[in-house]
Amino acid sequence: MFSKVLVANRGEIAVRVIRALDELGIASVAVYSEADRESQHVKRAGEAYLLGPGPAAESYLNVDKLLEVIEQSGAEAVHPGYGFLAENAAFAKRLEDAGITFIGPPASAIEAMGSKTRARELMKEAGVPIVPGTTEPVEDVEAAARIAEDIGYPIAVKAAGGGGGKGFRVALEPDKLQEAFEGAAREGEKFFSDATVYLERYLPDPRHVEVQVLADKHGNVVHLGERDCSIQRRHQKLIEESPAPQVDAELRARIGEIAVEAARAVDYHSAGTIEGLLQDGEYYFLEMNTRVQVEHCVTEETTGVDIVREQILIAAGEALSFGQDDIRWHGHAIECRINAEDAAKNFAPAPGTITSYFEPAGPGVRIDSGVLAGSEITPLYDPMVAKLIVWDADREKATRRMLRALDEFLIEGVRTLIPFHKAIMASEQWANAETCRDLIEDKAWLKQLAQPKPEKSEDEGETVERTYLVEVSGKRFDVKVRGEAAGPAAAVNGAVRPAPRRERRSGGSGGGGGDTLTSPLQGNVFKVLVEQGAQVEEGALICIIEAMKMENEITAHKAGTVAELPISEGAAVASGDTLAVIK
Ligand code: MV4
């Protein structure tokens with residue numbers, strides 16, 4: 001067994017891995033960026049090393065610096081978490097070459113599954129069902145048009161280097177194919193330096209169902225059942241559950257076997273996930289994620305298997321201590337991702353400092369998070385603040401428990417998806433186990449989730465909400481007072497009236513003062529959707545800023561005329577930069 005392991009990640013997953021290491025009696029080494037000096041993962045680890053400045057390219061993705069720290073610390077193995085270097089075959093290979101154990105699959109398996117066309121080819125050979133379509137790259141639009149006639153419309157065009165929905169376009173009919181083809185190729189080139197695309201039949205209303213597998217280095221492979229992750233927005237999963245509502249024991253055994261075959265086909269070891277589409281009882285392989293996933297927790301809750309601990313034991317060469325027949329599933333688990341985002345404003349990132357933080361607890365409640373009161377949610381990284389996972393005997397009870405836990409969860413200072421999750425959990429669509437796609441796209445429905453400005457708001461003239469204790473004839477009432485940020489409510493509180501600000505710094509898609517729309521984050525302008533002089537409504541899409549491989553929609557903070565538009569596609573912007581002036 002290892003005596004010291006380095007965790008090459010941050011946030012909740014770094015804390016999760018450190019917890020597993022603690023329980024195994026293994027010393028932990030954290031790494032951090034300048035933006036993460038005060039982060040929980042740093043404080044919880046046995047020792048910690050600075051990697052570099054905030055941007056991931058200069059810190060969490062800096063392989064040379066990481067190798068230096070690995071040597072300096074004497075760590076024998078590295079856990080990559082998810083994101084960052086987790087599915088980087090070159091990184092896994094460099095560790096292998098340096099005699100350091102990568103707590104993950106062999107570099108060859110990462111590579112094989114990294115190319116989606118290669119993965120489809122391998123799976124087809126192994127007898128794993130794939131979505132009907134090509135396993136070879138499609139040369140050009142003309143070739144695509146010929147092949148598409150055979151597959152039949154609608155057609156999904158996907159980038160070979162993609163995954164998770166990047167470089168995914170749909171052509172509903174032949175005259176839309178060129179646009180879809182070029183869009184997918186462009187995005188593939190941009191994000192993966194690979195313009196290769198392939199075609200699939202587009203399934204109109206599938207469920208996203210994925211199977212968790214564990215494989216050791218001795219040829220033992222088991223599956224831990226499935227998760228349903230159909231509630232997504234722009235390919236970002238928001239809610240996951242296990243078991244999948246549409247999967248019974250028989251189907252579970254069938255798709256479990258498919259997943260085990262898929263893992264065997266690439267000589268897999270470690271934890272992995274086979275993602276697929278389920279439609280009308282048919283299961284089709286989509287891609288394999290060669291890492292521990294954000295949503296692994298729901299499977300841990302229903303099976304009792306500690307997936308991260310198993311990853312570490314497998315990497316150390318131990319054989320799995322259980323077989324397929326030992327796996328039993330109990331009850332129902334649901335996970336809600338608590339992101340610092342504003343659902344009422346196109347899910348715009350809502351970075352800031354968490355001023356109050358109180359986690360729910362009680363029976364069947366689990367929180368995986370990396371923050372406390374005082375933590376800063378920086379626009380540099382993923383906006384996930386915490387994962388709220390509940391378990392109960394069945395789906396209906398788990399839903400009530402989730403609603404109760406969401407009610408207990410108090411996060412102040414930043415806007416979060418808590419109101420969004422409450423609304424989904426209380427919806428008829430969720431109760432009927434529908435994908436809720438119409439709700440997530442319904443601007444009017446989302447608008448009613450608008451949250452008052454966080455208490456610390458420095459924007460004048462905006463509504464904030466505060467809670468006061470009032471006793472009337474000895475009975476206690478919590479009275480919520482909504483008022484102007486620097487108005488009477490603040491005066492009652494004894495707060496100092498903040499100086500008016502000339503410009504909003506964290507604009508983006510917030511409401512409020514001034515004509516200037518500023519960037520809430522650092523990134524690159526991916527698309528500009530308006531022209532100078534255009535009339536826009538409040539909430540209209542102005543541009544898309546790409547940061548950390550995520551596309552962030554920036555919407556107009558007010559209605560008016562676009563008087564200035566000092567941005568162009570491809571240009572870099574910093575947080576606070578002016579994107580548009582709307583008069
Ligand atoms: C598809 C699809 C329909 N047909 N592929 C790809 C990445 C992942 N985020 C979902 N992806 C899809 N691939 C074909 N051939 C539909 C989706 C899809 C989806 C599937 C199930 C549940 C929710 C979804 C949301 C967006 C896209």
Side-chain angles (χ1 to χ4, degrees), residues 82-83 87 113-117 119-120 123-124 128-135 138 144 147-148 150-173 176-177 180-181 183-184 187-188 191-192 197-211 226-247 255 273-291 293-295 298 335 337 347 382 424 429-430 432-442 549-551:
Y82 52 70
E87 289 172 288
M113 290 301 186
S115 159
K116 306 303 157 185
T117 42
R120 278 168 61 79
M123 292 304 122
K124 196 176 174 188
V128 170
I130 58 175
V131 187
T134 62
T135 54
V138 178
I147 299 164
D150 290 339
I151 300 172
Y153 283 84
I155 289 283
V157 188
K158 300 187 176 185
K166 271 268 131 58
F168 171 27
R169 291 283 199 286
V170 182
L172 293 176
E173 47 198 80
K176 295 279 168 19
L177 187 66
F181 186 95
E187 224 168 275
F191 290 109
F192 316 106
V197 302
Y198 62 100
L199 306 184
E200 282 179 0
R201 177 179 298 151
Y202 178 71
L203 307 179
D205 193 25
R207 307 286 305 199
H208 176 121
V209 173
E210 58 185 33
V211 181
E226 80 290 350
R227 299 183 280 262
D228 187 308
C229 312
S230 297
I231 301 193
Q232 314 180 354
R233 184 183 175 275
R234 315 236 154 182
H235 305 296
Q236 297 297 316
K237 295 168 185 168
L238 296 171
I239 301 171
E240 303 98 345
E241 61 182 316
S242 185
Q246 278 81 358
V247 175
I255 66 180
T273 301
I274 280 68
E275 287 197 345
L277 299 178
L278 183 68
Q279 182 155 307
D280 307 322
E282 291 298 317
Y283 191 68
Y284 304 98
F285 171 87
L286 261 190
E287 58 192 64
M288 180 170 188
N289 294 325
T290 56
R291 59 171 192 272
Q293 286 185 285
V294 174
E295 62 271 25
V298 292
E335 172 177 281
R337 298 192 187 188
F347 291 79
D382 185 283
I424 292 280
Q429 285 92 328
W430 169 263
N432 295 333
E434 292 167 26
T435 54
C436 303
R437 233 183 272 192
D438 50 338
L439 289 185
I440 297 167
E441 300 298 332
D442 184 344
K549 295 197 174 179
M550 306 248 293
E551 289 177 10

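Order of listing sets the numbers, starting from 1, for every ligand and every atom in it.
In this structure, Lys158 fails the cation-pi test against Tyr198, since its NZ or CZ atom is not both closer than 6.0 Å to the six-membered ring centre and inside 45 degrees of the ring normal.
Ion pairing of Glu210 with Lys237 is present here, as a side-chain N (NZ or NE/NH1/NH2) and a carboxylate O approach within less than 4.0 Å. Salt bridge status for Glu335 with Arg227: absent, with no side-chain N to carboxylate O gap under 4.0 Å.
For Glu226 (side chain) and Ala244 (main-chain N/O), a donor-acceptor pair under 3.5 Å exists by modelled atom type.
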Kindly print each ligand 1 N/O atom paired with any protein N/O atom under 3.5 angstrom away, one pair per line, or none if nothing qualifies.
residue	atom	partner	partner atom	Å
ligand 1	4 (N)	Leu203	N	2.9
ligand 1	5 (N)	Lys158	NZ	2.9
ligand 1	9 (N)	Gln232	OE1	3.1
ligand 1	9 (N)	His235	ND1	3.1
ligand 1	13 (N)	Lys158	NZ	3.2
ligand 1	15 (N)	Glu200	OE1	2.8
ligand 1	15 (N)	Arg201	O	2.8

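Side-chain N/O atoms of Gln236 and Arg337 include no donor and acceptor closer than 3.5 Å. For the residue pair Gln293 and Thr273, a side-chain donor N or O sits within less than 3.5 Å of a side-chain acceptor on the partner.
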